[in-house]
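Here's the structure, in structure tokens; my notes come after.
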Amino acid sequence: MPENTSLTAGTLMKGKRGLVLGIATERSIAYGIAQVVAAQGAELAVTYQVDQLAGRVTSLAKGLGASIVQLADVQNEAHLNQLFDTIEKKWGGLDFLVHSIAFSDRTELDGPYANTTRANFLNTMDISCYSFTDLARRSAAIMHNGGSMLTLTYLGGERVLPHYNVMGVAKAALEASVRYLAVDFGHRKIRVNAISAGPVKTLAASGIGDFRLILRWNEINAPLRRNITTIEVGNAGLFLLSDLGASVTGETLYVDAGYHIMGMLLEKGALETADLLNNIKAEKTARAQRSGT
Ligand code: NAP
């Protein structure tokens, strides 16, 4: 089965206006989702976290035909107040929200989870989990005709995965938030869902140790025997954000080539995985010898 990287033009999101947070580069998962919904007629508001990224994100936003591009650090109350003021003034309301944001101190994603500091625990939870609740409440207040909200999670929120540590704890809390928010807003025809994506090489992923190994491991051991694309996440996002997903809420949808269903590696996958580990070990040894450590 081929990976899907091509966009399908259509009208499934025509007349819908949505806020997308988390576009850092053209590899960002948020960018994949934004590309898909824009191709289906959605009008977008796009944000960037720091002024230094304004140029890059503005040029990506232009390609998406976004009508609002604004600074929004999710830890900055003034930024968020301004963002929602702009949306309300310009659009009068909102139809969908995409939250594709996470952060943790990368030094604490190595070694035992037990060593997580209080400061990094709170910061990781604030940016990666609470920000969705905050944005959901602000968005719901201006979703006058129902709506759909989407966040991004990872299998590390349910199972222990190497190098995920406190991010796993934040994702577990994020997934629980999705269920509580779905109940809070359901009576107003607002749906809240998460996509649990397989590994994708993005800026955020570069903070996770041995990410090359994680990518190859998934490719070898997922039922579809491959990794996923951001456009495929976007296509699943389109289902949840459009009326196609009209009766789906509080759900976590896996877009991971099926990896999460595996309980044990199959023999072929296990043998290939053993080769992979041996090759990586040999590379590490050679590198250590070259640097004299
Ligand atoms: P990405 O391109 O690096 O996107 C992460 C985004 O979070 C960036 O735009 C980043 O902005 C933003 N961000 C971090 N702190 C922020 C803050 N305080 N305020 C506003 N924005 C902030 O990486 P990604 O992989 O697409 O990540 C998107 C989401 O997908 C995350 O929730 C991640 O956990 C999830 N996910 C990723 C994978 C994967 O393998 N890549 C798998 C499953 C789930 P800056 O770049 O400016 O900091």
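Numbering of ligands and ligand atoms starts at 1, following listing order. What you see is a predicted model; the values in this text were computed from it and never measured.
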CG (Leu215) and CD1 (Ile228) are apart, to the nearest 0.5 Å, by 9.5 Å
Drop me the distance from His99's NE2 to Thr153's OG1, to the nearest 0.5 angstrom. 11.0 Å
Please write down residue, atom name and distance for the protein heavy atom closest to [atom].
{"atom": "atom 28 (C) of ligand 1", "value": "Ser100 OG, 3.1 Å"}
{"atom": "atom 45 (P) of ligand 1", "value": "Gln49 OE1, 3.2 Å"}
{"atom": "atom 31 (C) of ligand 1", "value": "Ala102 CB, 3.6 Å"}
{"atom": "atom 3 (O) of ligand 1", "value": "Ala204 N, 2.8 Å"}
{"atom": "atom 46 (O) of ligand 1", "value": "Ala24 CB, 3.5 Å"}
{"atom": "atom 35 (C) of ligand 1", "value": "Leu152 CB, 3.8 Å"}
{"atom": "atom 34 (O) of ligand 1", "value": "Lys171 NZ, 2.9 Å"}
{"atom": "atom 4 (O) of ligand 1", "value": "Gly22 O, 3.6 Å"}

Quick check on contacts: which atoms of ligand 1 are under 4.0 angstrom from a heavy atom of [X]?
{"X": "Ala197", "answer": "42 (C), 43 (C)"}
{"X": "Leu53", "answer": "45 (P), 46 (O), 47 (O)"}
{"X": "Gly198", "answer": "40 (O), 42 (C)"}
{"X": "Leu203", "answer": "3 (O)"}

Stepwise, does the side-chain contact (heavy atoms from CB on, under 4.5 Å) test hold for His163 with Phe211? CA-CA 9 Å; His163 306 293; Phe211 196 71; over 6 Å; no
Kindly write out the residues that satisfy ring pair (Phe, Tyr, Trp, His ring centres under 6.0 Å) with Tyr154, not counting sequence neighbours, or none if the list is empty. Tyr164
N/O separation below 3.5 Å, [X] to ligand 1:
{"X": "Ala30", "answer": "no"}
{"X": "Pro199", "answer": "no"}
{"X": "Ile101", "answer": "yes"}
{"X": "Ile29", "answer": "yes"}
{"X": "Thr202", "answer": "yes"}
{"X": "Val74", "answer": "yes"}
{"X": "Val200", "answer": "yes"}
{"X": "Ser28", "answer": "yes"}
{"X": "Thr153", "answer": "no"}

Which is it for Asp275 and Arg216 under the salt bridge (Lys or Arg N to Asp or Glu O under 4.0 Å) test, yes or no, and what are the steps along the way? CA-CA 11 Å; Asp275 283 345; Arg216 183 78 184 112; over 6 Å; no
Measure from atom 18 (N) of ligand 1 to every heavy atom in Ile33, Asn76, Asp73 and give the option owning the shortest one. Asp73
Give a yes or no on whether [X] and [Y] share a hydrophobic cluster (residues Ile, Leu, Val, Met, Phe, Trp, Tyr; joining criterion: side-chain heavy atoms under 4.5 Å apart).
{"X": "Val46", "Y": "Leu150", "value": "yes"}
{"X": "Leu83", "Y": "Ile101", "value": "yes"}
{"X": "Leu135", "Y": "Ile23", "value": "no"}

Is a salt bridge present between [X] and [Y], judged by a nitrogen-to-oxygen distance below 4.0 Å?
{"X": "Glu77", "Y": "Arg138", "value": "yes"}
{"X": "Lys268", "Y": "Glu272", "value": "yes"}
{"X": "Arg212", "Y": "Glu283", "value": "yes"}

I'd like to know whether ligand 1 has Tyr48 as a neighbour, heavy-atom separation below 4.0 Å.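 In this structure, Tyr48 fails to qualify as a contact of ligand 1 - no heavy atom is under 4.0 Å.
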Strictly under 4.0 Å, does any heavy atom of Ala72 approach an atom of ligand 1?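 Checking ligand 1 against Ala72, which is what was asked, there is a heavy-atom contact under 4.0 Å.
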Assess the residue pair Phe96 and Leu240 against the criterion (side-chain contact (heavy atoms from CB on, under 4.5 Å)); give the C-alpha distance rounded to whole Å, side-chain angles, the decisive distance to 0.1 Å, and a yes or no. CA-CA 10 Å; Phe96 67 93; Leu240 293 169; over 6 Å; no
Between Asp73 and Val50, is a side-chain contact (heavy atoms from CB on, under 4.5 Å) present by the stated rule, with each step listed? CA-CA 7 Å; Asp73 181 330; Val50 283; 5.5 Å; no
Chi angles and distances behind the salt bridge (Lys or Arg N to Asp or Glu O under 4.0 Å) call for Glu43, Lys90: CA-CA 12 Å; Glu43 187 176 353; Lys90 201 155 181 176; over 6 Å; no
For a side-chain contact (heavy atoms from CB on, under 4.5 Å) check, start with the C-alpha distance between Leu53 and Arg56, then their side-chain angles and the critical distance, and finish with the verdict. CA-CA 5 Å; Leu53 285 183; Arg56 188 165 69 196; 3.0 Å; yes
Hey, is Phe132 touching ligand 1 through its side chain, its backbone, both or neither, going by heavy atoms under 4.0 Å? neither
Please state which part of Ile23 comes within less than 4.0 Å of ligand 1, counting heavy atoms only: side chain, backbone, both or neither.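 Within the 4.0 Å criterion, Ile23 contacts ligand 1 through backbone atoms alone.
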